[in-house]
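Below is one structure, written out as structure tokens; the observations come after it.
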Amino acid sequence: MGNNNISKDSNTANLENEDATASNTANNSDNTTSNAPKALDIDNMALTEYFEVVRNEYEMERNKKLSFESRAGIFFALIGTVSVFLFDKVQIKEIVTLFSVPLTFSIWLKITTGFLVYLSLAFTMLFLIKTITVKQHNNFEVKNIDEVLLAEKRIDALARIIFTYRDIICQHRQINEDRAKTFKLSLYGVIIMLVSAIMYISL
């Protein structure tokens, strides 16, 4: 009887040791799993949303460039048409002959407005040309795409494209702001030219 009790106790102890070992192994396995780096889930990140944002902004800046160029072309045609009329009504030789007559306020004003017509015309043409021929826009350099880039991870590729478009958009935006300033100055030149021509003809 005593031997049987001892055998049962030893079996019970062995079972408890095995359970403890199994529990420790499971705990170690859980700790190892929790410490392992988790894979990044692109679907739960904002990369695709930012990619759409920069792509739309890129298209907007390109459309601004085309808009300024088309408006400048329209103004070139308009000024060409108006210039034919102005050169007939406001002739330089007529302005020069005014220097030989006694100078009065009306004569001085007519001389001034006459020269302003030509100066504002030259000013307008200069800034319209600058509107069209400002610094060229940067573009995505597609020739740099090679096998190395095609093999990189999707998250790295999206990040690279987003940052590249970001830099391109910043450059486009600065150029378009400069283009807007030059175009606005050309509009001021047109206004001065028309007002001066009206005053010259009416004097």
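In what follows, residues are counted from 1 in the order of the sequence shown. None of these values were measured; they are calculated from a predicted model.
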Problem set entry | Presence of salt bridge, Glu52 and Arg55, under 4.0 angstrom |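 Salt bridge flag = yes for Glu52 with Arg55.
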
Exercise. Does the distance from a Lys or Arg side-chain N to an Asp or Glu carboxylate O, for Arg166 and Glu57, drop under 4.0 Å?
Worked result: no

Pairing residues for [X] by the side-chain contact (heavy atoms from CB on, under 4.5 Å) criterion, not counting sequence neighbours:
X: Ser120; result: Ile192, Met193
X: Ser70; result: none
X: Ile107; result: Leu98, Val101, Leu103, Thr104, Ile111

Problem set entry | Side-chain heavy atoms of Asp146 within contact of Leu150, under 4.5 Å |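 With C-beta onward as the side chain, the pair stays apart.
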
Exercise. Are Tyr200 and Glu94 close enough that some pair of their side-chain heavy atoms sits under 4.5 Å apart?
Worked result: yes

Problem set entry | Phe75 ring center near Phe183 ring center (under 6.0 Å) | yes

Exercise. Any chance the rings of Tyr118 and Phe123 have centres within less than 6.0 Å?
Worked result: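 No - the distance between ring centres of Tyr118 and Phe123 does not fall below the 6.0 Å cut-off.
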
Problem set entry | Verdict with supporting geometry, Glu69 and Lys65, salt bridge (Lys or Arg N to Asp or Glu O under 4.0 Å) | CA-CA 6 Å; Glu69 290 177 349; Lys65 173 181 180 291; 2.8 Å; yes

Pairing donors with acceptors under 3.5 angstrom, does anything connect the side chains of [X] and [Y]?
X: Asn176; Y: Arg179; answer: yes
X: Thr182; Y: Thr131; answer: yes
X: Tyr58; Y: Asn139; answer: yes

